[in-house]
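In listed order, ligands and their atoms are each counted from 1.
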Amino acid sequence: MTELPSPAAEAAALLDRLGVPRAAWTGGDLIATSPITGEVIGRPFAATPAAAAAAIATAEAAFRAWRKVPAPRRGEFVRLLGEELRAAKAELGRLVTLEAGKILSEGLGEVQEMIDICDFAVGLSRQLYGLTIATERARHRMMESWHPAGVVGVISAFNFPVAVWAWNAALAFVCGDAVVWKPSEKTPLTALAVQALVGRAAARFGAVPEGLSALLLGGREVGSVLVDSPAIPVLSATGSTAMGRAVASRVAARFGRAILELGGNNGAIVAPSADLDLVVRATAFAAMGTAGQRCTTLRRLIVHEAVADALLDRLRHAYRSVAIGDPRRPGTLVGPLIDAAAGAAMTAALAAARADGGVVTGGEAVAGPGGTYRRPALAEMPAQTAIVRQETFAPILHVMRYRAFEDAIAIHNGVPQGLSSSIFTNDLREAELFLSAQGSDCGIANVNIGPSGAEIGGAFGGEKETGGGRESGSDAWKAYMRRATNTVNYGRDLPLAQGVSFDVA
Ligand code: NAD
């Protein structure tokens, strides 16, 4: 096997090519490591609370200037950003692989997602429309207008280190907002690279107000500044349900708007009529892809007893044979977990599954170039026990059997999270019931594809402990704007609504 360069050497070369000055990621107090080998790949600087407050104040001023720019012109800035991302896709995608540990095609896919949302936002910049509404009063017109919300705070998770920012920022910029971003402390270098590309797009655009796109590196103490700042009317927070619980009440206490994108515990029902070839392929990607570290990762398979043995035989084979190792190598499908703590959480969850009567295959440590490498695990469970009901951010697929379709839906919905879901069936009645109000209770419900790998055109997000936020496509842009209802009187009378009379002499 050919020797690959060290992640540190590769990251340095990529950051140079992406235009990130060495002074920004050497000699600082934050430590960036690569999960591929566990080695340190950069030492950027954490923002102090004072620097964070100053960035928010500059962003406020930027917002006041940016809201005056016509939305299609704002779209031109995002178009240029999309061009920069296209030009830098190979470098940024590889940096995502180095810093987050996902296989190269997924690193590149993450950058493609950024490009796609930029394209979407450019079109949207000419489509920020409201309604004209029938009014009960003669010679009046009623309509709604959408205005920029202000400074949008973005807190993001390690597992989509750059795409989540783009889902928020591309929309926020065309909506007329400024953006202050606090990325995961585990992935600061990709954030610096994105910020450098924003700088290039801004230089080409020519008149982007200073601080329109700010980056604050650091841990939750830096995120807390965004959470508590009354200057941030919209806070988009992506991460664990524990984080959302800590953040949501504080944003609510200051009457801010929170877009919460939290943990998932995604299930798929496999009905007797399912095409098992599709199920095996979809399950392999959805449950083992990204080493089980997607919010939409498939964690629960609810299988009809008539097909369970046949399916499990095939899944065990797929789990035994999947290629695990350095995510930069062609052919690798499962890379490292983000860190040793994630490995320990996986071990503990599998021990809990066994204690609940589960039969576990896989999950063992696999030799790699130094990081935390685990074989994805299948856990055949006698019931949906407490450990199955919680999200363990690792490649564990819990398999449960069902007999009656209604029971399958009850098991499916019987968890606190509500992000993504699937059914595999060729029975139209089952498929439609799953998509109906009596079916899946998730924000995403699919038929004959897995729960993972959403496109940006649809609204993304989930219910219950997933937090209820929506990002990306459809009309998710409305969360980044404020709505005003306007009534215009073009007559000489002053009729009051509901027939109220109030005539002064
Ligand atoms: P995490 O909750 O540990 O951290 C996420 C971000 O929140 C980080 O930037 C962190 O610094 C910040 N943070 C944590 N506590 C905070 C606090 N009290 N105040 C302010 N900021 C705080 O999550 P993670 O381990 O980076 O990511 C994995 C989790 O994210 C999983 O639960 C996964 O399902 C979820 N996730 C959800 C989505 C979605 O769209 N629903 C997408 C990606 C990841």
Next on the checklist: Restricting to non-hydrogen atoms, name the atom on R374 and the atom on G363 that form the minimum distance, rounded to 0.1 Å.
Outcome noted: CD-O, 3.5 Å
Item to check | Listed partners of T37 passing side-chain hydrogen bond (donor to acceptor under 3.5 Å, both in side chains), at least two apart | outcome: E39
Checklist entry - Taking S474 for the side chain and A476 for the main chain, is one N or O donor matched with an acceptor at less than 3.5 Å? => result no
Checklist outcome for this item: Taken in chain and number order and not counting sequence neighbours, the residues that satisfy side chain to side chain contact (heavy atoms under 4.5 Å, CB included) with Q438 are L433, S436
Item to check | Straight-line distance of K102 NZ to E110 CD, nearest 0.5 Å | outcome: 4.0 Å
Next on the checklist: Once ring-ring contact (aromatic ring centres under 6.0 Å, His included) is applied, what residue pairs with a partner in residues 448-468 remain, sequence neighbours excluded?
Outcome noted: W167-F460
Identify the protein atoms, limited to N or O, that lie within less than 3.5 Å of an N or O atom of ligand 1, and list each pair with its distance to 0.1 Å.
from, atom 1, to, atom 2, distance (Å)
ligand 1, 2 (O), S240, N, 2.9
ligand 1, 2 (O), S240, OG, 2.6
ligand 1, 9 (O), S156, O, 2.8
ligand 1, 9 (O), K182, NZ, 2.9
ligand 1, 11 (O), K182, NZ, 2.7
ligand 1, 11 (O), E185, OE1, 2.7
ligand 1, 11 (O), E185, OE2, 3.4
ligand 1, 26 (O), F158, N, 3.1
ligand 1, 30 (O), G239, O, 3.4
ligand 1, 32 (O), E391, OE1, 2.6
ligand 1, 34 (O), E391, OE2, 2.6
ligand 1, 40 (O), E261, OE1, 3.4
ligand 1, 41 (N), E261, O, 3.4
ligand 1, 41 (N), L262, N, 3.3
ligand 1, 41 (N), L262, O, 2.8

